[in-house]
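Here the structure is laid out as structure tokens; the discussion comes afterwards.
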Amino acid sequence: MSTFDGAKRLERSFAEGDPVEVAPQLLGKLLQRGALLARIVEVEAYRDGADAASHAYRGKTARNATMFGPPGHLYVYFTYGMHYCANIVCWPEGHAGAVLLRALEPVHGLEEMAARRFSNERIAPAPRPESLCSGPAKLCQAFGLDRGADGFDLVSGVEGVCLLDDGTPPPKEPAVGPRVGLSASCAARHERWRWWVPGDANVSRGPVAR
DNA sequence: CTTTGGATCGTCT
DNA sequence: GACGATCCAAAGG
């Protein structure tokens, strides 16, 4: 598990706090898996029993158990019958919270990402780089993350996936807005707990994207 | 350009 | 039995 270009692993303490505080700080950090490397450009925060949009809202279950575990681990869930989404677990063990990775800027391994995203068929023309990781399910597909990756430790990186810091600071003034995909009846749909790098081409296309 | 509908199944009511 | 922390292709302006 080699790091990249002198980038350093994130400390576990980085994820020990409130996901609403941690999320914007993750903008600019790197996700690595083998030769794959990409920079985080869009995130959302999810809390616990006080956040009606969170998987942890109604307590611990088999699906969301990782959210209640120690910080700095990967929480991957299956949704819509065909997609996976990846989160970074926050808060100390026993307290559930996470940051959803919504979009990444591909840095290395674009061809491998494209191969996972667009299996078989067309090798050329090469897909636009912004089509590889510009959504929570897209980035999971590009990185090959599924329920088998749930619980991976992103700090030690022992399972082959880790978070790195190459010194790039988060934006001083990140763009902010409401979270994407919440139903009209969700009590927490107005919370502005989505952050992204202003103007980044890899940010997901949502109702109020960009 | 924007809008719509289909795919597809684990999870919780 | 209903509903997703989604994506894509196709249809409509």
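All chains are named by letter (A, B, ...) in the order of the sequence lines, taking the proteins before the strands, and each is independently numbered beginning at 1.
Atom pair A/L100:CG and C/dT6:C1' shows a separation of 11 Å (rounding to whole Å applied). When the P atom of C/dC3 is taken as reference, atom OH of A/Y57 falls 17 Å away, rounded to whole Å. The nearest whole Å value for the distance from the CE atom in A/M67 to the P atom in C/dA5 is 11 Å. Atoms OH (A/Y77) and C1' (C/dG4) sit 9 Å apart, rounded to a whole Å. We find that CG of A/L132 is positioned 19 Å from P of C/dT6, with the value rounded to whole Å.
When distances run from any side-chain atom of A/A137 to the nucleotides C/dG4, C/dA5, C/dC7, the shortest one goes to C/dC7.
More than 12 heavy atoms of other residues, nucleotides or ligands shown are found within 6.0 angstrom of CZ on A/R147.
For the residue pair A/T66 and A/D150, a side-chain donor N or O sits within less than 3.5 Å of a side-chain acceptor on the partner.
Contacts of A/D146 classified as side chain to side chain donor-acceptor pair (under 3.5 Å), with partners at least two apart in sequence or in another chain: none. The ring-ring contact (aromatic ring centres under 6.0 Å, His included) check on A/Y77 picks up A/H55, A/Y75, with sequence neighbours excluded. With sequence neighbours left out, A/E130 forms a side chain to side chain donor-acceptor pair (under 3.5 Å) with A/R128.
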- Task: Both distances under 3.5 Å, Watson-Crick or G-U wobble: on that basis, could you give the dot-bracket string for DNA chain B, with [ ] for crossing pairs and | for other-strand partners?
- Result: |||||||.||||.
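As judged by a 4.0 angstrom heavy-atom cut-off over every strand, A/R117 is placed among residues touching the sugar-phosphate backbone only.
Classification of A/R12 and A/D153 as a salt-bridged pair holds, one side-chain N sitting under 4.0 Å from a carboxylate O. Here A/R39 pairs with A/D166 in a salt bridge; the nearest charged N to carboxylate O distance falls below 4.0 Å.
For residues 177-190 of chain A, the set of pairs meeting the salt bridge (charged side-chain N to carboxylate O under 4.0 Å, His left out) definition, not counting sequence neighbours, comprises A/D51-A/R179.
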- Query: Reading nucleotides 5-13 of chain B from the 5' end, what letters show protein touch, with B for base, S for backbone sugar-phosphate only, - for no heavy atom under 4.0 Å?
  - Reply: --BBBSSSS
